[in-house]
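Taking it in order: structure first as structure tokens, then the write-up.
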Amino acid sequence: MWTKYKRLLFICLIVLMLSGCNQQTKEEKNKLTVLTVEFYSGAPIPDLYLTVTDLATGKEVEDALGSVEGEATFSKLVEGREYAVAATTLENSVSGEGYTTIDTFTYDRTKPYYKLKTHFSRGEQELDVPIIMQNPELPHGCEITSLTAVLNYYGMDVTKLEMADKYLPKQGFRMVNGQRFGPNPAHAFAGNPRDKQDGMYVFAAPIVKAAEAVIADKKSVLRVTDMSGQSKEEILKLVQDGIPVVVWVTLDLSPPKSNKGWIYEGESVQRNGYSNLHAVVLTGHLDEKVVVMDPLKGYVTYDEDKFFKSYLELGTQAVAVH
């Protein structure tokens, strides 16, 4: 009799063990690991705060803090359901402000990994904005070339010449009684960036218009913001959040130089022009240094204070693409 009970107990233990194994196997099968990476370079981004929301109900299903390898694991997802996954910094999650990456997917248990491309960057590296040189085609095209590099960073297939010829607002000069008339650079590029002799420059607002036009044509989800007038801290925060910024400074951060300019259309008094105006893409901030993609030189590192001094002297002109 005792042997019979022991045999029954042994069978029960086996059943319980198998049940536990099956449960563990089921949980393992339902796990999804989300890997957060930098959009352009593919480098893992650590320590981001992730949430998964059920699109049908609008309810948050799970949240997790990414590891130093950029991985976060979720185990409460249901096969075939649609979810939205959002990544932001832990600081932004508390404040409810700042940059957030959001993507949607349908959970498939046969695909245990999901790569979420973000525009956050690792603290020790700058954004991997591609180098695009303005010369020889665009001797006065630093602004539109910088914008093109930013758009290419986000994966948009567009060239600097397409941007300059098709999307950049431009207006030529005209002579009246020995006086040169032309556009306000806040409204349109003065001249043509292809013209080495008569091409001049443009400020932030027309660059915003060029970006908006190509974003609409390409049916992109990107958005553009005129960041002119913003403080150094606000500009740097964007870059730290993974957003490259086109910034107006002077060549080599030298003091602004003026030359004989022109009379803006609708005005009667001649204004001086800048002879050393330049635009670059701010891509990184490391140890009181800034890293820029300069369309005349490639990657350059500058002293942070000198860079933003030049930014102030050029009227705090800046454009961000998100």
Side-chain angles (χ1 to χ4, degrees), residues 39-40 119 126-171 183-195 199-230 235 238-239 241-251 274 277-284 290-300 307 310-311 314-322:
F39 183 91
Y40 193 82
H119 293 289
E126 65 272 10
L127 303 178
D128 197 10
V129 172
I131 294 174
I132 301 180
M133 307 302 279
Q134 66 186 79
N135 288 326
E137 300 91 345
L138 301 176
H140 292 284
C142 57
E143 307 96 338
I144 200 66
T145 302
S146 292
L147 174 63
T148 303
V150 171
L151 295 173
N152 286 179
Y153 167 77
Y154 285 110
M156 184 177 288
D157 183 16
V158 66
T159 68
K160 65 181 182 181
L161 294 181
E162 182 182 0
M163 290 301 301
D165 295 341
K166 183 176 180 180
Y167 295 104
L168 177 65
K170 300 180 291 294
Q171 184 179 333
N184 183 331
H187 300 156
F189 187 95
N192 190 309
R194 286 180 176 267
D195 193 329
M200 292 299 292
Y201 52 83
V202 70
F203 288 138
I207 291 297
V208 170
K209 289 183 179 179
E212 289 174 337
V214 72
I215 286 170
D217 272 4
K218 304 287 185 180
K219 295 180 174 56
S220 170
V221 296
L222 296 174
R223 60 188 176 89
V224 59
T225 304
D226 191 335
M227 297 300 297
S228 300
Q230 301 301 308
I235 297 294
L238 286 173
V239 177
D241 282 350
I243 302 170
V245 183
V246 180
V247 179
W248 277 248
V249 289
T250 57
L251 290 166
Y274 291 108
L277 178 146
H278 196 38
V280 299
V281 184
L282 182 59
T283 65
V290 294
V291 182
V292 304
M293 195 294 290
D294 185 327
L296 285 175
K297 298 180 177 181
Y299 277 109
V300 182
F307 180 83
S310 186
Y311 164 69
L314 263 291
T316 62
Q317 301 281 318
V319 172
V321 179
H322 310 250

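Contact check for His187 versus Pro169: no side-chain heavy atoms found under the 4.5 Å cut-off. Taking 4.5 Å as the limit, every side-chain heavy atom of Thr159 sits out of range of all side-chain heavy atoms of Thr148. Side-chain atoms of Thr225 and Val319, non-hydrogen and from C-beta on, never get closer than 4.5 Å to each other. Side-chain contact between Leu151 and Val214 is present, with at least one heavy-atom pair separated by less than 4.5 Å.
Salt-bridge check for Lys218 with Glu162: passed, with a basic side-chain N closer than 4.0 Å to an acidic carboxylate O. The residues Arg194 and Asp165 are annotated as salt-bridged, a charged nitrogen and a carboxylate oxygen being separated by less than 4.0 angstrom.
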Report the C-alpha distance between Val292 and Phe307 in whole Å, list the side-chain angles of each, state the deciding distance to 0.1 Å, and finish with yes or no for side-chain contact (heavy atoms from CB on, under 4.5 Å).
CA-CA 10 Å; Val292 304; Phe307 180 83; 3.7 Å; yes

Under the salt bridge (charged side-chain N to carboxylate O under 4.0 Å, His left out) rule, what do Lys160 and Glu137 come out as? Steps first, then yes or no, please.
CA-CA 9 Å; Lys160 65 181 182 181; Glu137 300 91 345; 2.8 Å; yes

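The closest donor-acceptor contact from the side chain of Ser310 to the backbone of Thr250 lies under 3.5 Å. A donor-acceptor pair under 3.5 Å links the side-chain atoms of Thr283 to the main chain of Val291, judged by distance alone. With Glu143 contributing its side chain and Val202 its backbone, the two residues share a donor-acceptor pair below 3.5 Å. Side chain of Gln171 to main chain of Ala190: no donor-acceptor pair is present (N/O by atom type, distance under 3.5 Å, no hydrogens or angles). Although no hydrogens or angles enter the test, the distance criterion places a donor-acceptor pair under 3.5 Å between the side chain of Tyr154 and the main chain of Val321. In this structure, Lys209 contributes its side chain and Ile207 its backbone to no donor-acceptor pair below 3.5 Å.
Once rounded to the nearest 0.5 Å, the distance linking CG of Leu238 with CD of Gln230 reads 8.0 Å. Distance check: Leu277 CG to Phe203 CZ gives 6.0 Å after rounding to the nearest 0.5 Å. Here Asp157 contributes atom CG and Asn152 contributes atom CG; the two are 7.5 Å apart, rounded to the nearest 0.5 Å. With rounding to the nearest 0.5 Å, the separation of OG1 in Thr145 from CG in Leu296 is 8.5 Å.
In this structure, Ala210 and Leu147 approach most closely via the heavy-atom pair CB-CD2, 4.2 Å. Closest heavy-atom contact between Leu127 and Pro244: CD1-N, 3.5 Å. When all heavy atoms are compared, the tightest approach of Tyr311 to Val249 is N-CG1, 3.9 Å. Of all heavy-atom pairs between Val129 and Met293, the closest is O-CG, 4.4 Å. The two residues Tyr274 and Tyr201 have their closest heavy-atom pair at N-OH, 3.2 Å. When all heavy atoms of Ala279 and Ser146 are compared, the closest pair comes out as O-OG, 3.2 Å.
Of the options Leu168, Asp195, Leu161, a side-chain contact (heavy atoms from CB on, under 4.5 Å) to Leu138 is made by Leu161 and by none of the others.
For the residue pair Ser228/Thr316, the side-chain donor-acceptor check at 3.5 Å is not satisfied. Side-chain contact, Asn192 with His140: no donor N or O sits under 3.5 Å from an acceptor N or O.
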